[in-house]
Amino acid sequence: MTLLPAAEAPITPPPAGSAKKSKQGIGLGRYIAIRAVLILPTVLILVTLVFFLMRVVGDPISASVGDRLTPAQLEERLTAAGFNRPILVQYFEYIGQIFTGNFGRTLTDNRPITEVLLQYGSATLELVIYALIVAFLIGIPLGLVAAYRKDRTPDAILRVLAILAYATPVFFAGLLLKLVFGVWLGVLPLSGRADTRVALALGRMDDPTGIYLIDAIRLGSPTAIGDVLAHAVLPALALGLLTAGVFLRLVRTNVISTLSNDYVTAARSRGVSEFRLVTKHAYKPALIPIITVIGLQIALMLGGAVLTETTFEWRGLGFQLTQYLNARDFVAVQGIVALLAVIVAVTNFVVDVIAALIDPRVRY
Amino acid sequence: MAGTATPVSARPTIKPTLWQRLPLVSHLRQSIGLQRGMLVVGMVITAVIVFAAILAPVIAPYGFAESRVDGVQFGRQQPPSAEHIWGTTVGGYDVFSRVIWGAQTALLVVIISVLLSIFAGVVLGLVSGYLGGWLDRILVVIADAIYPFPTLLIAIVVSIVLTGGESSLWGGVLAAAVAVTVVFIPQYFRVIRSEVVRLKAEAFVESAQVIGSSTARIMFLHVLRNSTRTLPLIVTLNASEAILTLAGLGFLGFGIQPTAAAEWGYDLNRALSDTASGIWWTGVFPGISIVLLGLGLTLVGESINDIADPRLRTRKRPTKGVPA
């Protein structure tokens with residue numbers, strides 16, 4: 001799923017949706033409206049799939065705490081939670097609750113799921129943003145270099161590195177980074193989002209955003225800012241390198257195929273240098289397909305975040321998801337998956353709209 | 001592809017033999033320079049790991065769940081030595097043996113999952129694309145919904161459903177393979193379906209309809225044969241992703257149980273706590289194995305992709321049989 005759109009990007013730029021015959025005259029407003037309406041079934045399908053898959057295993061209460069209860073107690077709790085009613089009734093009730101923003105309460109620690117989502121979602125958001133910055137800073141310049149030096153040594157080295165970045169699981173990259181920078185060099189912290197004291201100070205703030213860097217800046221303490229940033233370096237690198245490899249390859253293939261366009265040939269014949277051709281003429285048009293792929297990349301990053309957060313004990317949604325999965329707390333799992341589904345669907349929507357704004361041909 | 005009538009040309013062409021038309025062989029023949037180098041390196045790495053997996057009983061000095069020999073414990077977290085060339089794990093197993101046996105598990109899962117997802121994806125794509133109608137619409141909407149969702153999360157959910165948490169060797173391998181399969185079906189489905197939709201309008205399909213061939217015959221004979229062009233590329237790319245998904249499952253503890261089979265991802269999970277005390281050998285070797293297998297498969301897939309795309313192909317070789 002990751003590699004495929006990347007590899008196919010120059011062939012079919014807008015993977016906007018199901019293949020339809022192009023109709024003329026659909027305006028931008030109508031296009032956006034259609035894409036917005038499509039968010040709903042996407043989320044609904046995923047939530048439905050997860051709901052029924054999770055119920056194949058059994059009801060959430062017996063799965064999580066069943067072995068600690070007597071049959072009578074179990075029956076009582078099942079009745080109280082309504083889990084012994086027909087599954088379709090439960091399903092429609094659940095869907096109705098989701099639409100009113102009520103995801104229920106976790107079974108293991110009895111917290112409202114919306115609270116869990118807000119608390120840990122901000123941590124994941126922070127991680128993903130850092131990782132995206134790493135990916136952009138590394139991937140795009142190196143992709144330009146590879147395209148500029150096509151089929152020469154730098155290109156060969158960079159391409160192998162990009163494939164290596166793709167083939168390396170984030171948790172192994174994380175383990176190596178921890179080993180080198182955390183243990184052998186001892187310059188960066190091994191895990192967590194901040195030192196205990198800093199974390200406590202941040203937690204005591206009124207109205208914390210949950211994004212540690214913002215909170216640390218608001219706190220106005222340079223040590224806190226430094227500590228938060230130091231903790232973020234290794235997780236951001238581990239997660240960002242994977243995506244940097246994808247960006248590198250995308251930029252490379254797209255710049256190369258843009259370079260074969262007539263207008264580039266015309267510019268070349270006017271004596272524009274090859275370096276200027278890559279950085280000025282071919283760079284921007286080559287970025288359009290990348291924008292459409294970023295949507296898929298963010299989905300991929302959410303998957304990678306689960307692994308990165310586990311590796312670095314970064315207490316975000318992914319870390320919490322594995323905790324709840326191990327505890328068989330399927331109500332919490334459903335809530336987190338539903339949120340992720342919303343994020344993925346909305347990201348794809350935003351990406352489609354941006355692509356349509358940039359390139360009118362995408363609309364149909 | 002194979003067996004379709006070659007157009008009559010004035011110039012006598014040398015028809016490539018069956019061996020030369022096989023996916024990887026034909027790609028190797030077309031390639032040149034750097035691309036050929038990448039393809040060859042990828043094939044060699046993959047071949048080495050395949051041999052390690054097949055010969056695991058011969059190569060591995062110990063079993064994957066063996067922690068003592070003649071009643072003597074190996075010891076936990078022992079550094080590499082003559083008896084244990086890559087050291088021992090926190091559970092007291094031989095790292096080298098577990099890595100070799102792990103190759104077997106990884107390849108088994110990849111082969112099963114790729115075969116399953118090709119089968120399911122191709123059949124669904126063919127039926128959906130050729131027959132169309134409401135079935136097509138529903139399948140497309142479902143595939144589009146699943147497609148952008150993080151693959152690992154789907155795999156976790158499916159794996160939990162299948163195993164309920166516990167698993168035996170074959171149960172574990174199968175569950176992991178099915179979990180990985182579910183993730184990839186939408187990809188095969190989308191690719192095959194779009195090919196089928198394109199082919200449906202071709203003249204040869206129409207003529208088959210006109211002479212009264214049955215729908216099933218047209219679908220599985222005429223359309224299927226012509227829509228599998230891009231499969232080798234997707235298979236190799238998916239295979240490397242299957243490795244990562246399996247390792248991710250194992251790393252999070254939803255994969256195969258350690259006593260049932262050796263699995264690299266699980267070993268990395270256990271090695272995570274070792275790193276803090278500077279113990280590197282428990283994590284580095286299984287990790288490198290994942291990277292190498294992923295690298296090998298991706299290199300092959302990448303090269304196939306580049307060779308198939310004329311804009312990315314380094315140089316076109318002069319067609320054989322040109323001097324006439």
Side-chain angles (χ1 to χ4, degrees), chain A residues 1-4 7 10-11 17-19 41-43 45-46 49-50 53-54 56-57 151 155-156 159-160 163-164 166-169 171-172 175-176 178-179 182-184 190 253 256-257 260 295-296 299-300 302-304 306-307 310-311 321-322 325-326 328 333 337 340-341 344-345 347-348, chain B residues 33-34 38 140-142 144-153 156-158 160-161 164-165 183-184 187 194 197 233-234 237-238 240-241 244 247-248 251-254 265 268-269 271-272 275-278 280 283-284 287 290-295 297-299 301-302 305 309 311-312 314:
Chain A
M1 153 175 180
T2 46
L3 219 63
L4 208 54
I11 311 162
S18 52
T42 310
V43 174
I45 286 168
L46 281 169
L49 275 179
V50 172
L53 281 177
M54 285 300 188
V56 171
V57 196
D151 291 330
D155 180 31
R159 290 182 70 193
V160 171
I163 295 176
L164 211 56
Y166 171 74
T168 309
F171 47 90
F172 181 53
L175 187 139
L176 287 181
K178 277 171 91 163
L179 208 54
V183 179
W184 289 340
L190 279 174
T253 43
I256 288 174
S257 56
S260 62
L296 282 174
L300 170 77
L302 289 177
V306 177
L307 297 168
T310 310
T311 313
L321 179 69
T322 43
L325 274 167
N326 280 322
R328 304 269 175 273
V333 172
V337 171
L340 294 178
V344 169
T347 319
N348 277 323
Chain B
L34 177 64
M38 283 168 73
V140 167
V141 169
I142 293 180
D144 278 359
I146 299 178
Y147 181 69
F149 202 66
T151 51
L152 185 64
L153 294 184
I156 292 173
V157 172
V158 175
I160 286 187
V161 170
V183 172
F184 293 122
Q187 295 184 19
S194 64
V197 168
L233 167 66
I234 314 173
L237 294 184
N238 274 353
S240 61
E241 220 188 309
L244 292 181
F251 179 75
L252 293 175
F254 301 109
L268 269 168
N269 176 322
L272 202 57
T275 43
S277 40
W280 54 272
V284 167
I290 301 175
V291 174
L292 275 182
L293 185 50
L295 182 69
L297 290 167
T298 314
L299 278 175
E302 274 283 281
N305 181 44
D309 187 343
R311 281 170 301 185
L312 298 175
T314 312

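Letters A, B, ... are given to chains in the order of the sequence lines, protein chains preceding strands, and every chain is numbered from 1.
Residues B:Leu268 and B:Gly283 share a closest heavy-atom pair of CD2-O, 3.3 Å. A pairwise comparison of heavy atoms in B:Ile290 and A:Pro169 identifies CG2-CG, 3.5 Å as the closest pair.
Residue A:Val333 does not touch chain B at all, counting heavy-atom pairs closer than 4.5 Å. Contacts of B:Ile156 with chain A are made by side-chain atoms alone, with heavy-atom separations under 4.5 Å and no backbone atom involved. With a 4.5 Å cut-off on non-hydrogen atoms, A:Thr311 touches chain B through its backbone and its side chain both. For A:Leu340, the parts sitting under 4.5 Å from any heavy atom of chain B are the backbone and the side chain alike. For chain B, the nearby part of A:Leu46 is the side chain; its heavy atoms alone come within less than 4.5 Å. A:Leu176 touches chain B through its side chain: at least one heavy atom from C-beta onward sits under 4.5 Å away, while N, CA, C and O do not. For A:Leu164, the parts lying near chain B are the backbone and the side chain together; criterion is any non-hydrogen pair under 4.5 Å.
Separation of atoms CD1 (A:Ile163) and CG (B:Leu297) is listed at 11.5 Å; rounding is to 0.5 Å. If you take NZ on A:Lys178 and CZ on A:Phe171, they are separated by 13.0 Å, rounding to the nearest 0.5 Å. One finds the CG atom of A:Leu307 at 9.5 Å from the CG atom of B:Leu244 (value rounded to the nearest 0.5 Å).
The candidate with the highest count of non-hydrogen atom pairs below 4.5 Å against chain A, out of B:Leu152, B:Leu153, B:Leu252, is B:Leu252. Of the listed residues (B:Gly294, B:Ala247, B:Gly287, B:Gly248), the one with the most heavy-atom contacts under 4.5 Å to chain A is B:Gly287. Listed options A:Leu321, A:Val43, A:Thr310 were ranked by heavy-atom pairs under 4.5 angstrom with chain B; first place goes to A:Thr310.
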Verdict with reasoning, B:Val284 to A:Leu179, per side-chain contact (heavy atoms from CB on, under 4.5 Å): CA-CA 10 Å; B:Val284 167; A:Leu179 208 54; 4.1 Å; yes

